[in-house]
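Some notes on the structure that comes next.
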Amino acid sequence: MTDRKVRVRFAPSPTGPLHMGGVRTALFNYLFAKKHGGDFLLRIEDTDQNRYVPGAEEYIMESLEWCGIKVDEGIREGGEFGPYRQSERKEIYKQYSNELIEKGFAYFAFDTADDLDAYRKEAEEKKETFTYNVACRGGLKNSLVLSEAEVKAKIEAGEPFVVRFKFPENEIIEMNDLIRGEVKVNTNTLDDKVLYKSDGMPTYHLANIVDDHLMNISHVIRGEEWLPSLPLHVSLYKAFGWETTMPEFAHLPLLLKPTGNGKLSKRDGDKLGFPVFPLFWKAPNGDTASGYREEGYFADAFVNLLALLGWNPGTEQEIFTMDELIQLFSLERVTKSGSKFDPKKAEWFNHQYMTLKSAEELTELFIPELEEKGIALNKEMVIRIVGMIKERANFVKDFWEQSAYFFEAPTAYDEKFIKKQWKENTPQLMADVKDLLLGVEDFNALNAKQAVSDYIEKNELGFGAIMNALRLCVVGAGKGADLFEIIEIIGQQEVVKRIEKAVANIKK
Ligand code: GLU
């Protein structure tokens with residue numbers, strides 16, 4: 001790498017919610033920037049007004065914020081290279097489009113949509129594909145064919161036009177991609193792409209190159225779907241005479257569906273049983289799509305799982321903080337081939353973060369649900385409970401199912417467990433256990449367990465038989481945390497009540 005200051009940009013178009021692949025692109029840009037002490041820019045590429053979706057910009061910013069991806073320069077943060085929203089830079093692009101025409105690197109084209117359709121049909125009939133390029137541009141409606149006066153007259157008459165890039169004839173364009181290495185393309189295979197339109201808007205290609213240049217971008221890190229545009233982009237840098245400061249390029253591998261069959265697309269939405277967006281999205285027309293945040297993923301788990309989609313540290317390590325990712329990240333370790341998304345592995349990541357988080361932190365996330373259920377809260381107690389059950393859960397939304405018996409007496413008893421564990425004499429034994437628990441003075445797990453164990457021993461009873469029946473009374477089933485821990489937490493009065501209730505209700 002040169003000693004140029006690293007400046008990278010994430011350049012989404014606000015056409016809807018940000019796909020998780022887009023978040024991964026933002027993340028890799030961010031990690032690369034921070035690793036090299038550089039800047040991370042957020043540029044909104046909204047030149048295609050037809051595809052603009054209200055709310056998308058806010059969604060993009062909120063997604064980055066949730067992930068802990070901090071923007072150094074952007075539409076909200078400002079910065080000396082602004083404005084960072086392309087629709088506010090229209091005048092700039094016009095000037096550069098004119099410059100290319102003047103230098104002979106671009107031309108006006110007046111072919112209408114109907115003309116283009118006709119060209120395409122004609123080519124199809126000959127089993128060819130129509131490409132607007134050196135082979136045919138000499139016979140179409142453009143300023144390479146028309147006289148200067150004709151062109152002027154058309155423009156003055158307000159006839160719609162586009163400005164197309166004029167690819168040189170039969171030249172090999174050599175490009176370097178930091179992930180894919182050398183790429184070569186012959187210009188004769190390329191389309192003279194549209195750069196600018198008479199509505200005063202540039203296309204993505206022109207705006208993107210002009211902005212990357214003016215914003216002093218050192219590295220362009222983006223999805224593989226942009227690789228086919230690279231020959232045009234490199235040619236534009238040459239045409240403008242900006243070759244020496246041209247950014248380096250890195251095209252990231254696609255995210256694939258869990259089956260490995262095709263790319264994970266926005267349209268997959270919730271169809272595959274998992275979200276493809278970071279946050280819940282509600283479209284202006286009312287359509288909704290689920291998001292990782294609302295599904296209960298921790299932001300750090302989500303970032304961690306994204307980091308490993310197409311990158312690996314070269315070791316077995318799988319759990320990383322953001323700071324570790326910044327330390328370890330390198331484009332050399334980004335893979336060329338597509339990366340399959342595994343939703344089960346995503347859950348595994350969340351589980352790993354669950355076990356790493358403190359019971360205190362998780363309790364704060366659990367409390368709203370308890371409040372909604374009208375549970376009288378003793379925070380210390382909830383922290384203890386959460387500490388006991390968190391290892392059994394992938395998400396905070398699993399907590400209630402894992403811990404309901406701490407908060408409420410069972411309302412039903414597991415039939416199968418009753419059949420196995422509830423004998424004819426069990427009600428009598430449980431009545432004894434209830435009495436002896438009532439007699440425990442300093443009521444805690446240890447003393448309660450001691451009392452029950454002494455009773456079992458003195459009466460030569462089976463340990464399992466008593467414990468299982470007692471668990472049935474307290475929990476309603478054969479599951480749950482350590483029985484005496486549960487008993488300590490719910491307290492002496494509650495245990496007694498639960499035993500009485502069970503004895504009265506369990507019928508064989
Ligand atoms: N606006 C493009 C997009 O939506 C940006 C591509 C690039 O990074 O050059 O993905």
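Counting starts at 1 for both ligands and their atoms, in listed order. Just the heavy atoms: all of them, side chains too, but no hydrogens, waters or symmetry mates, feed the values below.
A ring-centre distance under 6.0 Å is not found for Tyr353 and Phe298.
Atom numbering of ligand 1 starts at 1 in the shown order; those under 4.0 Å from a heavy atom of Ser13 are 1 (N), 4 (O). The Tyr204 neighbourhood of ligand 1 comprises atoms 2 (C), 5 (C), 6 (C), 7 (C), 9 (O), with distances under 4.0 Å to a heavy atom of that residue. Those atoms of ligand 1 that come under 4.0 Å of a heavy atom in Asn208, given as number and element, are 7 (C), 9 (O).
Checked by distance only, ligand 1 and Ala11 come closer than 3.5 Å through their nitrogen or oxygen atoms.
Applying the side-chain hydrogen bond (donor to acceptor under 3.5 Å, both in side chains) test to residues at least two apart or on different chains, the pairs with a partner in residues 100-116 are Glu99-Lys103, Tyr107-Asp192, Asp111-Tyr119, Asp111-Tyr132, Thr112-Asp115, Asp115-Lys141.
Nearest non-hydrogen protein atom to atom 1 (N) of ligand 1 is Glu45 OE1, 2.6 Å.
Applying the side-chain hydrogen bond (donor to acceptor under 3.5 Å, both in side chains) criterion to Asn285, with sequence neighbours excluded, gives Asp287.
Between Arg9 and ligand 1 there is a heavy-atom distance shorter than 4.0 Å.
The residues Lys121 and Glu124 are annotated as not salt-bridged, no charged nitrogen and carboxylate oxygen being separated by less than 4.0 angstrom. Between Arg180 and Glu224 there is a salt bridge, with a side-chain nitrogen of the basic residue lying less than 4.0 Å from a carboxylate oxygen of the acidic one. Remark: Glu65 engages Arg76 in a salt bridge, criterion side-chain N to carboxylate O under 4.0 Å.
Counting heavy atoms under 4.0 Å from ligand 1, residue Phe10 does not touch it at all.
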